Amino acid sequence: MLAKPTTLLLQKHLSRLNSSNTQGNRTTKFLVHCHSQITKHGRNGDLKEAESIFSRMPHKNAISWTAMLTAYYENGHIAKARKMFEKMPQRTTASYNAMITAYTRSNPMMIGEASKLFAEMRERNSISYAAMITGLARAGMVDNAEELYLETPVEWRDPVCSNALISGYLKVGRLEEATRIFEGMGERDVISWSSMVDGYCKKGKIGHARELFERMPERNVVTWTAMIDGHMKMGCYEVGFGLFLRMRKEGFVKVNPTTLTVMFEACSEFGEYKEGIQMHGLVSRMGFEFDVFLGNAIIIMYCRFSFVVEARKIFDMMNRKDVVSWNALIAGYVQNDEVEEGYVLFEKTQQKDVISWTTMITGFSNKGKMGKSIELFRMMPKQDDIAWTAVISGFVGNGEYEEAIYWFIEMLRKVVRPNPLTLSSVLSASAGLATLNQGLQIHTLVVKMGMEFDLSIQNSLVSMYTKCGNVADGHQIFTSINSPNIVSFNSMITGFAQNGFGEEALELFHKMLNEGQKPNEITFLGVLSACTHVGLLEQGWNYFKSMKSLYQIEPGPHHYACIVDLLGRAGFLDDAIDLIRSMPCEPHSGVWGALLGASRIHLRLDVAKLAAQQIFKLEPDNAAPYAVLSFLYSSAGRNRDSEQVRMAQGLKGVKKSAGYSWIIV
DNA sequence: CTTAGTACTC
């Protein structure tokens with residue numbers, strides 16, 4: 001705006017007055033200088049300097065004290081801020097306002113203290129009301145916030161407060177109330193609109209969000225980012241990525257670190273490594289400094305695609321790291337089979353939380369080092385349900401079911417409340433032990449705790465009952481599941497197959513396919529063993545072939561073991577040997593064990609020798625080859641050879657009971 | 001010169 005000539009005259013006049021200065025005016029200038037210096041140093045985080053100026057001031061007024069108070073709370077020193085407020089010689093409306101803000105910003109729970117101050121104020125201005133209303137809204141006391149808003153003298157009502165109310169209502173999930181405020185607003189700014197767009201996204205109402213988004217007069221980077229994130233979180237990856245491109249092309253909006261954080265998160269979730277790399281290139285070109293959120297998102301992305309070295313580079317480049325950064329990289333090492341490397345970081349960092357500890361506990365458990373897991377568990381400052389569960393499922397994962405149950409009982413004795421994952425783990429332990437009695441007790445506990453409709457628990461119950469031989473109860477649980485997932489189907493199919501209900505297993509498999517559920521490698525393990533039980537050679541062979549051709553699943557050694565078992569039992573031993581020879585993966589002892597079993601049924605000494613030879617190599621302590629060989633020799637009337645095999649076994653000290661690891665489940 | 005101000009992220 002152009003200054004009017006009269007205004008210019010007035011300014012000249014005033015500056016002449018100022019230059020013919022007095023002592024008092026110099027003092028004022030010095031005070032003003034000190035106040036802005038205190039504020040400046042406070043904002044830079046240099047409290048020492050701010051304090052030094054404050055203490056050296058010969059004359060202080062209310063503004064000096066308020067400036068220092070603000071410097072303290074902005075740097076997280078609420079107690080010192082309070083001391084300032086209590087010690088200051090006189091309090092002004094501004095100092096009250098500052099202290100109210102200090103309370104509400106340092107901790108929403110201190111809203112009570114803020115209210116007390118607000119109540120004792122003799123005079124309030126618009127800032128007092130705005131501070132109090134936003135404080136209440138942030139603390140989740142939105143109704144009180146709105147009440148105060150309505151009490152605010154009309155000439156003070158600040159449109160910013162409406163936005164604070166909207167965000168307050170959205171924070172506690174009251175979308176209707178937020179909409180009511182939004183609709184009632186005379187003038188809405190981009191923040192009002194963006195808040196509503198985000199609110200709809202968070203409620204999963206993407207359509208509504210989109211409607212508002214297209215309708216709003218002006219969008220900025222925050223609006224676009226909220227929309228993109230909303231779509232990503234709902235799994236609409238394509239649309240989200242499209243919005244990102246659209247934002248840059250037609251939105252004329254520059255991305256910010258938050259946008260990129262959202263994009264990296266989406267890459268980890270749905271994308272491919274390629275896209276993550278592209279995003280990383282974008283970040284480098286834009287020359288962003290890694291803020292903590294962005295850096296963490298990139299670390300997580302690289303770890304997700306097993307590029308831990310790249311993740312480490314980002315980590316080392318970050319100026320500021322938080323506990324999420326450390327945990328992300330530790331988890332990256334642990335999940336990519338470098339537990340020791342993760343442990344080095346774990347020992348190095350001062351920033352540890354329950355997640356860091358449980359990540360390490362799980363990491364060592366996965367390596368079979370339960371001793372180390374327990375050691376860490378005992379060392380952690382406070383063992384919560386998640387930590388207990390990590391230990392328990394660690395034992396389950398290592399097949400130490402009794403230990404798992406023992407630790408579960410310990411957990412109950414320490415009065416730590418189990419979560420659904422805990423119960424699911426101990427049910428797996430009961431399934432592993434095939435101890436129905438124990439499983440029943442845990443089932444009772446599940447019901448008592450009201451967790452019987454948790455899907456992972458229901459799945460574990462199906463496994464537990466069927467592994468204990470109680471197919472009927474397992475099936476009953478299965479039919480009670482509202483929307484069974486792949487694990488539910490696998491548990492039931494395997495349960496049927498293991499108990500000799502091959503036809504039921506296959507029937508369920510087809511039902512699963514009809515429902516559009518994609519099978520995985522575990523499904524086929526159940527299906528193939530079902531075929532073995534019923535002796536469906538051709539069908540089993542077709543399923544086996546369909547794994548790769550229809551479902552892009554590469555059969556593993558366990559699948560080969562099943563199909564060798566199937567072929568072998570039907571008498572096609574030579575075909576089975578050909579198949580083993582053609583395997584793309586290394587046949588493990590289970591595959592040879594299946595062949596060995598078949599050679600016993602069909603009295604094929606030659607095949608048994610071949611299989612035994614391989615098993616000797618892979619599992620020298622396995623007694624099964626000795627038993628089968630000696631049986632076949634004696635069946636062929638070669639009692640001397642039979643005796644020799646048994647003697648060889650005795651010399652090597654192999655125990656007879658050692659050998660059922662090759663029995664295919 | 002001091003005090004209020006809202007939306008997106010790990």
Side-chain angles (χ1 to χ4, degrees), chain A residues 28-40 42 60-71 73-74 84-85 88 91-102 104-105 121 124-135 137-138 145 156 158-168 170-171 178 181 188-199 201-202 216 219-230 232-233 255-266 268 290-301 318 321-328:
Chain A
T28 310
K29 267 195 168 170
F30 180 65
L31 271 175
V32 168
H33 172 75
C34 290
H35 295 156
S36 50
Q37 285 301 302
I38 291 174
T39 306
K40 198 185 102 189
K60 302 181 181 76
N61 65 13
I63 297 179
S64 329
W65 288 83
T66 308
M68 199 57 225
L69 187 164
T70 304
Y73 90 71
E74 278 182 346
M84 283 286 124
F85 185 71
M88 59 201 294
R91 292 171 187 169
T92 59
T93 305
S95 52
Y96 267 100
N97 291 348
M99 196 59 220
I100 287 173
T101 311
T104 59
R105 284 176 84 110
M121 290 173 79
R124 301 177 187 127
N125 59 18
S126 64
I127 296 180
S128 327
Y129 278 91
M132 201 57 219
I133 290 167
T134 47
R138 268 193 212 194
W156 286 355
D158 192 329
V160 167
C161 289
S162 301
N163 287 342
L165 287 179
I166 289 178
S167 79
L170 290 176
K171 194 168 280 170
I181 303 284
R188 300 162 188 150
D189 61 11
V190 65
I191 296 182
S192 334
W193 286 91
S194 303
S195 305
M196 290 308 298
V197 165
D198 184 54
C201 285
K202 292 275 148 66
M216 61 195 287
R219 309 170 191 98
N220 65 16
V221 61
V222 177
T223 331
W224 284 94
T225 306
M227 269 304 273
I228 294 170
D229 186 53
M232 299 300 192
K233 294 280 150 67
V255 301
N256 67 13
T258 309
T259 322
L260 293 169
T261 305
V262 167
M263 292 307 294
F264 276 111
E265 214 194 330
S268 311
F290 295 116
D291 77 347
V292 180
F293 278 79
L294 179 55
N296 291 352
I298 303 178
I299 291 177
I300 291 169
M301 186 275 293
M318 287 167 71
K321 306 172 179 67
D322 65 2
V323 67
V324 178
S325 331
W326 288 93
N327 284 351

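The basis for the numbers below is simple: all heavy atoms, side chains too, and nothing from hydrogens, waters or symmetry mates. Source: prediction; values computed, not measured. In what follows, chains are A, B, ... by sequence order, proteins preceding strands, each numbered from 1.
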Inset, instruction - Could you check whether A:S195 gets within reach of a base, just the sugar-phosphate, or nothing at all, counting any heavy atom under 4.0 Å? - result: sugar-phosphate
Inset, instruction - State which residue, out of A:Y96, A:Y73, A:W65, fulfils the ring-ring contact (aromatic ring centres under 6.0 Å, His included) condition with A:F85. - result: A:Y96
Inset, instruction - Identify whether any heavy atom of A:E265 sits under 4.0 Å from a base atom; if not, whether one sits that close to sugar-phosphate; answer base, sugar-phosphate or nothing. - result: sugar-phosphate
Inset, instruction - Just call it for A:K60: base, sugar-phosphate, or nothing, with non-hydrogen atoms closer than 4.0 Å on any strand. - result: nothing
Inset, instruction - Describe the nucleic acid contact of A:S128 in one word from base, sugar-phosphate, nothing, applying a heavy-atom distance below 4.0 Å. - result: nothing
Legend entry - Among B:dT6, B:dT9, B:dA4, the one nearest A:K233 by side-chain distance: B:dT9
Legend entry - Whole-Å gap separating P (B:dC10) and CG (A:D291): 12 Å
Legend entry - Per A:T101 side chain, nearest of listed nucleotides B:dG5, B:dC8, B:dT6: B:dG5
Legend entry - Minimum-distance nucleotide (side-chain atoms of A:I127 versus B:dC1, B:dC8, B:dT3): B:dT3
Inset, instruction - Identify which nucleotide among B:dT6, B:dT9, B:dT3 has an atom closest to any side-chain atom of A:V262, counting heavy atoms from C-beta outward. - result: B:dT9
Inset, instruction - Under 4.0 Å between any heavy atoms, over every strand shown, what does A:S95 touch: base, sugar-phosphate, or nothing? Just pick one. - result: nothing
Legend entry - Side chain of A:A131 - closest among B:dC8, B:dT6, B:dA4: B:dA4
Inset, instruction - Look at all strands and tell whether A:I191 reaches a base, only sugar-phosphate, or nothing, counting heavy atoms closer than 4.0 Å. - result: base
Legend entry - Nearest-Å distance for atom pair CE/P, residues A:M232 and B:dC10: 13 Å
Inset, instruction - Using atom CG of A:D158 as one end and atom C1' of B:dT3 as the other, report the distance to the nearest whole Å. - result: 14 Å
Inset, instruction - Measure from the side chain of A:V32, starting at C-beta and using heavy atoms only, and say which of B:dA7, B:dC1, B:dC10 lies closest. - result: B:dC1
Inset, instruction - Give a yes-or-no answer on whether the side chains of A:S128 and A:N125 include a donor-acceptor pair shorter than 3.5 Å. - result: yes
Inset, instruction - Could you tell me whether A:Y73 contacts a base, only the sugar-phosphate backbone, or nothing, with contacts defined as non-hydrogen atoms closer than 4.0 Å? - result: sugar-phosphate
Legend entry - Nucleotide of B:dA4, B:dC8, B:dC10 approaching A:T258 most closely (side-chain heavy atoms): B:dC8
Legend entry - Side-chain touch A:M216/A:V197, heavy atoms, less than 4.5 angstrom: yes
Legend entry - Sugar-phosphate, base or nothing in reach of A:A98, heavy atoms under 4.0 Å: sugar-phosphate
Inset, instruction - For atom NZ of A:K40, decide whether the heavy atoms of other residues, nucleotides or ligands shown that lie under 6.0 angstrom number more than 12. - result: no
Legend entry - d(CE, A:M121; P, B:dA4) in whole Å: 12 Å
Legend entry - Nucleotide B:dG5, atom C1' - distance to CG of A:N125 in whole Å: 13 Å
Legend entry - Side-chain heavy-atom pair A:I300, A:E265 within 4.5 angstrom cut-off: no
Inset, instruction - Measure from the side chain of A:D229, starting at C-beta and using heavy atoms only, and say which of B:dT2, B:dG5, B:dC8 lies closest. - result: B:dC8
Legend entry - Sub-4.5 Å side-chain heavy-atom contact between A:M121 and A:R91: no
Inset, instruction - Could you check how far CE of A:M216 sits from C1' of B:dT6, rounded to whole Å? - result: 13 Å
Inset, instruction - Describe the nucleic acid contact of A:N220 in one word from base, sugar-phosphate, nothing, applying a heavy-atom distance below 4.0 Å. - result: base
Legend entry - Nucleotide B:dA4, atom C1' - distance to CD1 of A:I100 in whole Å: 10 Å
Legend entry - Residue A:R105, side-chain heavy atoms: nucleotide from B:dG5, B:dT3, B:dA7 that is nearest: B:dG5
Inset, instruction - May I ask you to decide if A:A62's main-chain N or O and A:T66's side chain share a donor-acceptor pair within less than 3.5 Å? - result: yes
Inset, instruction - Ignoring hydrogens and angles, answer whether the base of B:dT6 and the side-chain atoms of A:S167 contain a donor-acceptor pair closer than 3.5 Å. - result: no
Inset, instruction - State whether the aromatic ring of A:F293 stacks on the base of B:dT9, taking stacking to mean ring centres under 5.5 Å apart and ring planes under 30° to each other. - result: yes
Inset, instruction - Give A:R138 one of three labels, base, sugar-phosphate or nothing, depending on what nucleic acid heavy atoms sit under 4.0 Å from its own. - result: sugar-phosphate
Inset, instruction - Report the distance from atom CD1 of A:I300 to atom C1' of B:dT9, rounded to the nearest whole Å. - result: 11 Å
